[in-house]
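Worksheet for the structure shown next.
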Number of protein chains: 2
Amino acid sequence: MSVIRKGKETASEGKRKPQRVPSAAALNRRMRNSEKKRATILDAALSTFSKYGLHGASIDQIALQADVSKTNLFYYFSNKEELYVSVLRELLDLWLKPLRAFTVEQDPIEAIRDYVRVKLEFSRDHPAESRLFCMEVMQGAPLMLTELQQPLHDLVENKIEVIQTWIDQGKLAPVEPYHLVFSLWATTQHYADFRVQVEAVAGKTLEDPDFFQETLTSLETIILNGVRPR
Amino acid sequence: MSVIRKGKETASEGKRKPQRVPSAAALNRRMRNSEKKRATILDAALSTFSKYGLHGASIDQIALQADVSKTNLFYYFSNKEELYVSVLRELLDLWLKPLRAFTVEQDPIEAIRDYVRVKLEFSRDHPAESRLFCMEVMQGAPLMLTELQQPLHDLVENKIEVIQTWIDQGKLAPVEPYHLVFSLWATTQHYADFRVQVEAVAGKTLEDPDFFQETLTSLETIILNGVRPR
DNA sequence: GTCTATATTTAGATAGAC
DNA sequence: GTCTATCTAAATATAGAC
């Protein structure tokens, strides 16, 4: 493990031994440029990996899209897998963020409303992230499992308690909290992950503001009220 | 297009010119053996593609798992893509089947209950199919779009009408039918496609009968009644 | 239908100059 | 940090004997 982690930061560590001492400003500038390039590559990688998968995407493609040479790309990321894992790592934080918002103090109905909206916005604004995450998890998360399992489990454990408290307080109907969380994840991600299917069936995507609103309202209705007539 | 389709059946067509006329029984036997082998290969392909994706899976792996030589595999399927598409084609039918059951005559509450159960059973019994389907759709269904779009659109169009009729009859709360269909798909598939995540969070999978029942009950509750307390 | 041997292509990765 | 040239391995696919 330490070997892998060592390799991962080689590029940035290489900058620590300049032949002569540059000004702080120059260092910052260089840093900024370097970071910018890394970010550009990561961006291209995300987009390409999400379209073709880890094996379907080639370094050539990614380098082309990031407008760097393949050799240059390997200067920043020492191999394909490191690049891929770097992309995933950034993803995980972003993906988990909305769930962190759940706290006992909130009104559960409002909390769920907010969550659905934020997740739908994520599906609309970050479809590549959503799909890559889905692909990785679906294949057993071989390169993310260790990083996924612990934080995910802890976070969800905590939110499950929050939901259970709401139920005990009579503010939410009695359902197994796990499955509420799964349903929220599943329904909101569906519009990003199955975008082509949604488009084939409904003829619209979340980028259409009317469709976005309609989706939001529908999901709220289904999850909060159900489809059984009252 | 015709070129592609022509190539696709080359293998089976090759069997039509035996040097001397064999008995009908012998033909049947040969057919059965041949079909059996095809099926074995398709099975191995499904399992491998669903784990590693189209590009991540190698013909070597598939041949090994099907217990045939690589060259022999190419006798039955002229190239990798043909094999992949053959797997997908079988999938699509299976995947769409449960939705066909929806008819106006049914009680909608029962119809939805049945659908959720059948789809959950599918997620439990055919996780590889579920995941491969998901992967293909997620990547834009490049090799299935033409075959997917039309039948899917037609089928859903029809079922949307059924749902709308139920709503008009007051048997179902007013929701946009599309989104009900999407929610049913999303929630039930989630347990197959995100199996590792479900396991990381809940510590169980659908193979556990208690968990299966709990999932079924929870999804029914959420979709039929919602989580807002009454 | 099945096998051995091999051709071909692609893509990940490195060496070494600048 | 970036480039040109090159190495290497893997994987798809085919030729041709049996």
Side-chain angles (χ1 to χ4, degrees), chain A residues 4 7-20 22 26-27 29-41 44-45 48-49 52-86 143, chain B residues 4 7-8 10-20 22 26-27 29-41 44-45 48-49 52-85 143:
Chain A
I4 294 171
K8 209 171 47 192
E9 290 303 325
T10 300
S12 17
E13 278 168 4
K15 275 171 289 172
R16 288 191 194 153
K17 281 185 182 179
Q19 265 105 346
R20 47 183 179 141
L27 259 181
R29 218 177 308 122
R30 198 178 299 173
M31 187 64 151
R32 252 181 274 128
N33 267 332
S34 172
E35 288 303 305
K36 215 170 177 179
K37 205 153 189 177
R38 267 186 80 91
T40 310
I41 294 170
T48 311
F49 282 137
Y52 307 105
L54 167 57
H55 303 281
S58 75
I59 295 288
D60 277 303
Q61 260 176 303
I62 296 170
L64 188 71
Q65 196 181 324
D67 200 37
V68 300
S69 72
K70 186 164 55 164
T71 335
N72 197 206
L73 188 152
F74 277 122
Y75 174 78
Y76 288 93
F77 299 89
S78 52
N79 57 54
K80 192 184 188 181
E81 190 173 310
E82 187 204 312
L83 175 58
Y84 183 71
V85 172
S86 301
L143 297 171
Chain B
I4 294 171
K8 210 172 46 191
T10 300
S12 18
E13 278 168 4
K15 275 171 287 173
R16 288 191 195 154
K17 279 186 182 180
Q19 264 105 346
R20 46 182 181 143
L27 259 182
R29 217 178 308 120
R30 197 178 300 174
M31 186 64 150
R32 251 181 275 128
N33 268 331
S34 172
E35 288 302 305
K36 216 172 179 176
K37 205 153 189 178
R38 270 186 76 93
T40 310
I41 294 171
T48 311
F49 283 136
Y52 308 104
L54 167 58
H55 302 282
S58 76
I59 295 288
D60 277 303
Q61 259 176 305
I62 296 169
L64 187 73
Q65 195 182 325
D67 202 36
V68 300
S69 72
K70 190 167 47 166
T71 335
N72 197 206
L73 187 152
F74 278 121
Y75 174 79
Y76 288 92
F77 298 90
S78 53
N79 57 54
K80 192 184 187 179
E81 190 174 308
E82 187 203 314
L83 175 58
Y84 183 72
V85 173
L143 298 171

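Convention: sequence-line order gives letters A, B, ...; per-chain numbering from 1. Keep in mind it's a predicted model, so treat the numbers as computed, not measured.
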Task: Ile41(B) CD1 to dG1(C) P, straight-line distance once rounded to whole Å - done: 12 Å
- [ ] Mind checking Ala57(A) for me? I need base, sugar-phosphate or nothing, with any heavy atom below 4.0 Å counting as a touch.
- [x] sugar-phosphate
- [ ] Confirm from the modelled atom types if Ser58(A) and dT10(C) form a donor-acceptor pair under 3.5 Å, side chain to base only.
- [x] no
- [ ] Kindly determine whether Thr40(A) and Val68(A) satisfy side-chain contact (heavy atoms from CB on, under 4.5 Å), including the steps that lead there.
- [x] CA-CA 9 Å; Thr40(A) 310; Val68(A) 300; over 6 Å; no
Open item on the list: If I take atom CD1 in residue Ile62(B) and atom P in nucleotide dA13(D), what distance separates them, rounded to the nearest angstrom?
Closed with: 11 Å
TODO: Using whole Å, report how far NE2 of His55(B) lies from P of dA11(D).
DONE: 14 Å
- [ ] Respond yes when some side-chain nitrogen or oxygen of Ser78(A) is under 4.0 Å from OP1 or OP2 of dA13(C), and no when none is.
- [x] no
TODO: Using whole Å, report how far CZ of Phe74(B) lies from P of dT14(D).
DONE: 8 Å
Task: Nearest to side-chain heavy atoms of Asn72(B), which nucleotide of dG12(C), dT2(D), dC3(C) - done: dC3(C)
Task: Lys37(B) NZ - dC3(C) C1' separation (whole Å) - done: 11 Å
TODO: State which of dG1(D), dA13(D), dC3(C) makes the closest approach to the side chain of Lys80(B).
DONE: dA13(D)
Open item on the list: Quick check on dT2(D): is either OP1 or OP2 less than 4.0 Å from any side-chain nitrogen or oxygen of Lys70(A)?
Closed with: no
Task: Asn33(B) CG to dG1(C) P, straight-line distance once rounded to whole Å - done: 9 Å
TODO: Return yes when atom OH of Tyr52(A) has more than 12 non-hydrogen atoms of other residues, nucleotides or ligands closer than 6.0 Å, and no otherwise.
DONE: no
Open item on the list: Within a 6.0 Å radius of atom CG on Asp67(A), are there more than 12 heavy atoms belonging to other residues, nucleotides or ligands?
Closed with: no
- [ ] Let me know the distance between CG of Asp60(B) and P of dA9(D), rounded to the nearest Å.
- [x] 16 Å
- [ ] Nearest 0.5 Å please: distance from the OG atom of Ser69(A) over to the CG atom of Asp60(A).
- [x] 10.5 Å
Open item on the list: Can you tell me if Thr71(A) touches the phosphate of dT4(D), counting only side-chain N or O atoms and a distance under 4.0 Å to OP1 or OP2?
Closed with: no
Task: Residue Tyr76(B), side-chain atoms from C-beta onward, closest of dT12(D), dT2(C), dG12(C) - done: dT2(C)
Open item on the list: Check this one for me: any side-chain N or O of Tyr75(B) less than 4.0 Å away from OP1 or OP2 of dG1(C)?
Closed with: yes
Task: Distance, nearest 0.5 Å, that separates CD1 of Ile41(A) from OG1 of Thr48(A) - done: 11.5 Å
Task: Rounded distance (Å) that lies between atom P of dT12(D) and atom CG of Leu54(B) - done: 9 Å
